[in-house]
Engineer: 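This structure is in structure tokens; I'll ask about it shortly.
Numbered from 1 within each chain, the chains take letters A, B, ... in sequence-line order.
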Amino acid sequence: MTAKKYDHKIIEKHWQDVWEKTGIYKAVDFDKKRKKFYQLVEFPYPSGAGLHVGHVRSWASMDAYSRKKRMEGYNVLYPMGWDAFGLPAENYAIKTGIHPSVTVKENIDNFRKQCKNLGLSFDWDREVNTTDPAYYKWTQWIFIQLFKNGLAYRSEVPVNWCPFCKTNLADEEVMADGKHERCGNQTEKRMQKQWLLRITKYADRLLSDLNEIDFSPRIRIQQENWIGKSTGSSIKFQITNSKLQIEVFTTRPDTLYGSTFLVVSPRYAKKKLLKYIPDKYLRSVTKYLEECYSVSLRVESKQSQLGGHPEPSTCHPEERSEEGSHNEKTGIDSGLKAKNPADSKDIPIYISDYVLDEYGTGAIMGVPAHDERDFAFAKKFNLPIIGVIDGGDKSLEAYAGEGKIINSGKWDGLSYPKDISSILSDIEKSGWGKKSTTYHLHDWIFSRQHYWGEPIPMVYCENCVKEGKSFFTEEQKKGGNEEMKNKNDVILEGVERPIESHQFNNWNPVGWYPVPESDLPVTLPFMEKYQPSGTGESPLANNLNFVKTKCPACGSPAKRETDTMPNWAGSNWYFIRYLDPNNGKILADDRKLKYWMPVDFYQGGYEHTTLHLLYSRFIYKFLYDIGVVPTSEPYAKRRSHGIVLGSDGRKMSKSFGNVINPDTIVEKYGADTLRLYEMFMGPFDQMVVWSQESLEGCYRFINRLWKAFNEKVGESSKVGKSSKELSIKLHQSIKKVSEDLENLKFNTAVATLMELLNTWEDEGVISKSDAEKFCLILAPFTPHLAEEVWLLLCDRKIGTDKNIDSHGSDQRKSVNNPCKSYSVHTQLWPSYDPKLTVEEKITIPIQINGKLRGTIEIDRDKIDDEKFVLLESKYNKVVQKWLAEGKVIKEIYVHGRLVNFVVR
RNA sequence: GCGGGGAUGGCGGAACGGUAGACGCGCAGGAUUUAGGAUCCUGUUUCCUCAAGGAAGUGGAGGUUCAAAUCCUCUUCCCCGCACCA
């Protein structure tokens with residue numbers, strides 16, 4: 001009997017329908033018999049371009065992982081949803097003239113269909129959509145809780161403004177040279193009041209709790225760097241003839257005596273020093289500041305854009321682009337002097353853009369002898385260089401290493417870094433300053449002036465402003481929400497707090513009220529025109545029906561906030577909603593949360609290592625603090641995968657013409673081929689390049705499998721037996737595939753399956769029970785083929801051509817119970833017999849002086865007999881020749897692995 | 001500059017310190033076919049050789065070891081992240 005060609009079009013569609021009808025991938029809440037396993041993959045932004053092969057790589061691989069987990073008896077939750085708010089949807093809509101609500105729906109339908117065509121085992125009953133009012137009701141609810149707990153506040157922050165288009169721009173729309181991506185005009189930075197989230201309050205916990213979760217080192221280190229904690233001192237310098245003090249942050253308080261000048265950032269100078277500058281200096285200082293502010297290119301770091309730093313921090317961007325320009329310092333003497341608290345010497349105060357306004361206090365003490373940047377600055381402005389740590393040649397370069405402390409009064413004789421802690425306490429005792437910690441992490445700008453996002457559920461009441469009324473009590477205004485504060489104090493006990501930073505001082509919630517929770521959601525109104533307003537406000541500002549409302553406090557006419565949330569808002573907490581997607585009363589049922597959380601395994605791309613992962617951890621921790629979720633961390637384990645590049649090695653992009661559409665692959669080769677290939681391409685965490693030829697290799701493999709299962713399985717009536725070699729190979733494969741899947745080594749798992757088929761083809765017929773085992777370990781990788789083969793194996797009699805011919809006929813359509821053992825995916829994962837993973841005859845390589853000279857075959861039961869093995873080794877002809885070359889001075893036998901003779 | 005990860009055939013990549021190159025692609029030869037495609041078989045690190053057998057070989061230089069792609073030191077190059085972070 002010759003099998004018909006494997007017809008993926010009919011077979012894959014058939015089983016997808018059967019799976020949907022029988023619902024075998026549904027997760028069961030509160031299942032007590034099975035252990036829960038929450039497998040999460042990042043949900044996509046459903047773009048008009050459809051699924052990317054990168055999505056398939058992640059979802060198909062984790063689908064295999066989930067399928068194995070199910071077969072191992074876990075109650076697996078593997079959900080999918082749509083992150084559909086955001087700028088791309090809005091831009092696409094502006095381009096096509098079709099409303100985003102329409103295109104988003106179409107795109108989602110397409111994505112869902114594509115997922116189903118791939119046979120991914122998502123639990124579709126739990127699908128979520130961030131643009132659904134029933135969903136974003138809770139996104140808004142979370143915002144209100146943040147506000148009530150003092151974690152959402154308003155502050156002036158810079159926005160990218162295109163004067164030509166009269167609109168605010170997202171950072172992605174501004175090109176590296178500061179020009180607007182679409183119109184090519186130079187953009188500006190404008191100050192605008194925005195909502196910010198106080199993520200900095202959680203910096204310490206976000207950092208320390210990394211110890212409790214399983215993140216791969218690369219992800220973990222990046223998160224640590226992003227939070228960027230450094231400890232040291234904040235030291236106060238008294239400005240001479242003034243009550244004013246300048247507070248600086250330093251990680252090297254031991255070099256205090258070596259501080260020969262202070263430097264403040266341009267913005268610090270503008271805000272705090274300008275009125276004290278002596279007339280003589282005022283003109284040059286003003287000129288310098290103007291220089292700094294005249295250029296407003298997109299030169300800030302990524303984090304400062306996201307984190308909200310009020311103004312450009314550099315004066316000379318053109319120098320920035322060149323290598324080594326960092327050493328070319330600019331700056332100006334302010335004419336002011338300050339007293340070094342340690343030795344009471346007066347030192348000059350300079351203004352320079354090499355001091356970052358957004359880091360620390362925006363002011364530093366210059367220690368040219370021990371800091372490279374200060375050294376360059378001192379050289380340029382002819383400032384004294386005093387060495388206070390022994391070492392290096394301070395006339396040539398700064399010395400940042402360790403050493404004995406010198407020229408430092410009472411600290412002489414101590415050494416850095418050994419005595420740093422006693423120096424820290426001495427500084428505190430002397431009243432010069434205090435221990436301090438700073439963070440790289442900044443508060444999170446949460447306002448967007450765009451239409452396609454969740455409306456921020458806040459109301460602004462002019463009347464209340466007149467009366468000075470606010471949502472918060474006077475006491476709360478002083479210290480934030482007391483309850484919240486206490487909570488954090490408990491958690492942060494013994495942990496240093498961030499220094500009071502000037503950027504937190506603008507919070508004035510007067511007149512602002514959250515929309516009453518009973519009125520949620522604040523629905524995004526349908527608008528025909530959602531182009532930018534032209535004033536820098538959100539397009540929603542043009543919709544008076546939306547804007548006009550009543551003050552929740554006094555009932556006077558009031559205005560709604562028209563800014564919307566960033567696209568991160570919906571993705572911060574989506575994994576919670578999967579647990580209870582239709583709950584209208586609360587975020588998610590408490591019991592369900594307790595059953596499923598935390599996410600056991602979160603898998604996604606490296607591009608989300610810092611922002612999404614950190615933001616969602618922050619929001620989750622906040623929800624934990626207010627008692628909404630049961631654990632303090634959302635994800636128990638996180639791994640990331642590499643991206644899929646086009647066959648030319650470049651990123652897939654329409655403009656390169658190297659985009660692979662999964663649909664055409666599925667159509668021509670089938671979903672199983674695509675899935676298998678994407679797992680086989682290369683190591684999961686590495687970048688991989690698309691290769692059509694390799695894909696076809698996987699297609700061949702699938703057809704060969706089909707042929708073998710049809711033609712080379714022993715008839716059950718005859719109780720056919722596999723050859724010994726084949727059985728051993730099978731058991732070895734079960735072991736290897738199990739381990740590889742667990743370790744996300746999908747590529748070698750697939751290779752193992754290929755090896756097994758190769759052996760099978762060489763050895764001839766396989767027994768039915770061995771064939772079933774093979775089918776079971778195949779199931780996670782090629783779920784459609786495995787299901788079809790399983791049916792074939794269940795009853796060899798229906799596995800005939802006649803039956804295969806009847807695909808699509810009524811007989812086959814009614815397969816609700818096609819076979820007693822349906823489905824292969826609900827079977828138990830096979831175990832292997834350890835005895836059967838070892839060959840009867842073992843090949844032992846023989847080395848002379850570490851070089852391979854021959855091999856011998858040893859019976860399995862003889863491998864413990866060292867003397868025997870060594871003796872046998874010497875009978876090998878070639879070995880004998882080499883042994884004759886000299887005297888054997890050492891004989892090494894590595895049990896079951898190798899023999900080495902050392903001959904001299 | 002700092003941090004992280006790499007470098008293995010023609011290509012993608014395998015290798016608990018123990019037979020380097022699994023598996024796949026590609027290529028070569030053969031079979032089948034009217035032909036093409038598909039499929040199957042054989043070979044395929046390089047060099048010497050009909051072969052048997054050798055020699056060299058995991059970016060480079062040293063070292064540890066009976067034995068190193070793997071561990072250590074130095075070094076070159078590549079990728080990723082952060083970057084005037086005090």
Engineer: Heavy atoms under 4.0 Å is the rule here; annotate nucleotides 3-17 of chain B 5' to 3' with B where the base is hit, S where only the sugar-phosphate is, and - elsewhere.
Structural biologist: SS-------BSSSB-

Engineer: Do A:Y354 and A:F377 have ring centroids that are under 6.0 Å from one another?
Structural biologist: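 Centroid distance A:F377-A:Y354: below 6.0 Å, so yes.
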
Engineer: Enumerate the protein-to-nucleotides 47-54 of chain B contacts in which both atoms are nitrogen or oxygen and the separation is below 3.5 Å.
Structural biologist:
from, atom 1, to, atom 2, distance (Å)
B:rG54, OP1, A:W882, NE1, 2.9

Engineer: RNA chain B: A:L898 or A:C698, which has the more 5' nearest nucleotide?
Structural biologist: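 In this pair, the answer is A:L898.
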
Engineer: With both distances kept under 3.5 Å, what pairs with B:rA28, Watson-Crick or G-U wobble?
Structural biologist: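 Answer to the pairing question: B:rU42, which forms a Watson-Crick or G-U pair with B:rA28.
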
Engineer: Which residue is it: A:E42, A:R638, A:H641? I am looking for the one with a side chain to side chain donor-acceptor pair (under 3.5 Å) to A:Q603.
Structural biologist: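 The side chain to side chain donor-acceptor pair (under 3.5 Å) with A:Q603 is passed solely by A:H641 among A:E42, A:R638, A:H641.
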
Engineer: Return whichever of A:P845 or A:E693 has its heavy-atom-nearest nucleotide of RNA chain B closer to the 5' end.
Structural biologist: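 Its nearest nucleotide being more 5', the pick is A:P845.
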
Engineer: Distance check, P atoms only: B:rG4 and B:rG9, in whole angstrom units.
Structural biologist: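 Approximately 27 Å lies between the P atom of B:rG4 and that of B:rG9.
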
Engineer: Determine the interatomic distance between P on B:rC71 and the same-named atom on B:rC16; round to the nearest Å.
Structural biologist: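 B:rC71 and B:rC16 have their P atoms separated by 11 Å.
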
Engineer: Heavy atoms only, 4.0 Å cut-off, all strands: where does A:E755 land among base, sugar-phosphate and nothing?
Structural biologist: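 Sugar-phosphate only.
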
Engineer: Taking the side chain of A:R704 as its heavy atoms from C-beta onward, which of B:rC82, B:rG24, B:rA86 lies nearest to it?
Structural biologist: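 Given the options B:rC82, B:rG24, B:rA86, the side chain of A:R704 is closest to B:rG24.
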
Engineer: Decide side chain to side chain contact (heavy atoms under 4.5 Å, CB included) for A:L705 and A:L778; before the verdict, give the C-alpha distance in whole Å, the side-chain angles of both, and the deciding distance to 0.1 Å.
Structural biologist: CA-CA 10 Å; A:L705 275 173; A:L778 212 47; 3.8 Å; yes

Engineer: CZ of A:F746 versus P of B:rA22: gap in Å, rounded?
Structural biologist: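 Result: 23 Å.
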
Engineer: Pick the C1' atom in B:rU70 and in B:rU58, then give their distance to the nearest Å.
Structural biologist: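 Roughly 10 Å separates the two C1' atoms.
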
Engineer: For a quick check of understanding: with a heavy-atom distance under 4.0 Å over all strands, which category does A:S691 fall into, base, sugar-phosphate or nothing?
Structural biologist: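 No contact.
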
Engineer: Counting only side-chain nitrogens and oxygens, does A:Y354 get under 4.0 Å of the OP1 or OP2 atom of B:rA86?
Structural biologist: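 For A:Y354, the contact criterion (side-chain N or O under 4.0 Å from OP1 or OP2 of B:rA86) is not met.
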
Engineer: May I ask you to establish whether A:R675 and A:F781 are in a cation-pi arrangement, using a distance under 6.0 Å from NZ or CZ to the six-membered ring centre and at most 45° from the ring axis?
Structural biologist: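 Because its charged atom misses either the 6.0 Å distance or the 45° angle limit, A:R675 does not stack over A:F781.
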
Engineer: Any idea which heavy atoms bring A:L441 and A:T200 closest together, and the distance?
Structural biologist: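 Here A:L441 and A:T200 meet closest at O-CG2, 3.5 Å.
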
Engineer: Just to verify, which of A:I858, A:V869, A:T855 counts as forming a side chain to side chain contact (heavy atoms under 4.5 Å, CB included) with A:V899?
Structural biologist: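 With A:V899 as partner, side chain to side chain contact (heavy atoms under 4.5 Å, CB included) holds for just one option, A:V869.
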
Engineer: For the C1' atoms, the ones on B:rU44 and on B:rA35, what distance do you get once it is rounded to whole angstrom?
Structural biologist: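 It works out to 28 Å between them.
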
Engineer: Mind checking whether A:F709 and A:F774 have parallel, tilted or perpendicular rings, split at 30° and 60°?
Structural biologist: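 A:F709 vs A:F774 ring planes: tilted.
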
Engineer: In whole Å, measure the gap between the P atoms of B:rG13 and B:rC77 for me.
Structural biologist: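 Comparing P positions in B:rG13 and B:rC77 gives a spacing of 23 Å.
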
Engineer: Would B:rG9 be called syn or anti here, given the cut-off of 90° from 0?
Structural biologist: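 For B:rG9, whose glycosidic angle is within 90° of 0, the conformation is syn.
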
Engineer: With rounding to the closest Å, how many angstrom separate the C1' atoms on B:rC11 and B:rA7?
Structural biologist: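 Taking atom C1' in both B:rC11 and B:rA7, they lie 15 Å apart.
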
Engineer: Sticking with atom C1', work out how far B:rU65 lies from B:rA55, rounded to a whole angstrom.
Structural biologist: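 The same atom, C1', in both gives a distance of 24 Å.
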
Engineer: A:R700 side chain N/O closer than 4.0 Å to the phosphate oxygens (OP1, OP2) of B:rC25?
Structural biologist: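 Checking A:R700 against B:rC25: at least one side-chain N or O falls below 4.0 Å of OP1 or OP2.
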
Engineer: Work out which heavy atom in A:Y677 is nearest to a heavy atom in A:S691; give both atom names and the distance.
Structural biologist: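 For A:Y677 and A:S691, the tightest heavy-atom pair comes out as OH-N, 2.9 Å.
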
Engineer: Remember a base hit wins even if backbone is also touched, and classify A:T843 as base, sugar-phosphate or nothing at under 4.0 Å, heavy atoms.
Structural biologist: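 Contact class for A:T843: base.
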
Engineer: I'd like to know if A:D648 pairs up with A:R650 as an ion pair, taking the criterion as any Lys NZ or Arg NE/NH1/NH2 lying under 4.0 Å from an Asp or Glu carboxylate oxygen.
Structural biologist: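 A:R650 and A:D648: salt-bridged.
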
Engineer: Does A:K729 come within less than 4.0 Å of A:E725, counting only side-chain N to carboxylate O?
Structural biologist: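 Here A:K729 does not pair with A:E725 in a salt bridge, since their nearest N and O are not under 4.0 Å apart.
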
Engineer: For B:rA14 and B:rC50, measure between their C1' atoms and round to the nearest Å.
Structural biologist: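 Straight-line distance between the two C1' atoms is 33 Å.
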
Engineer: Between B:rA22, B:rA86, B:rU19, which nucleotide gets closest to the side-chain atoms of A:A751?
Structural biologist: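 For A:A751, the side-chain atoms sit closest to B:rA22.
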
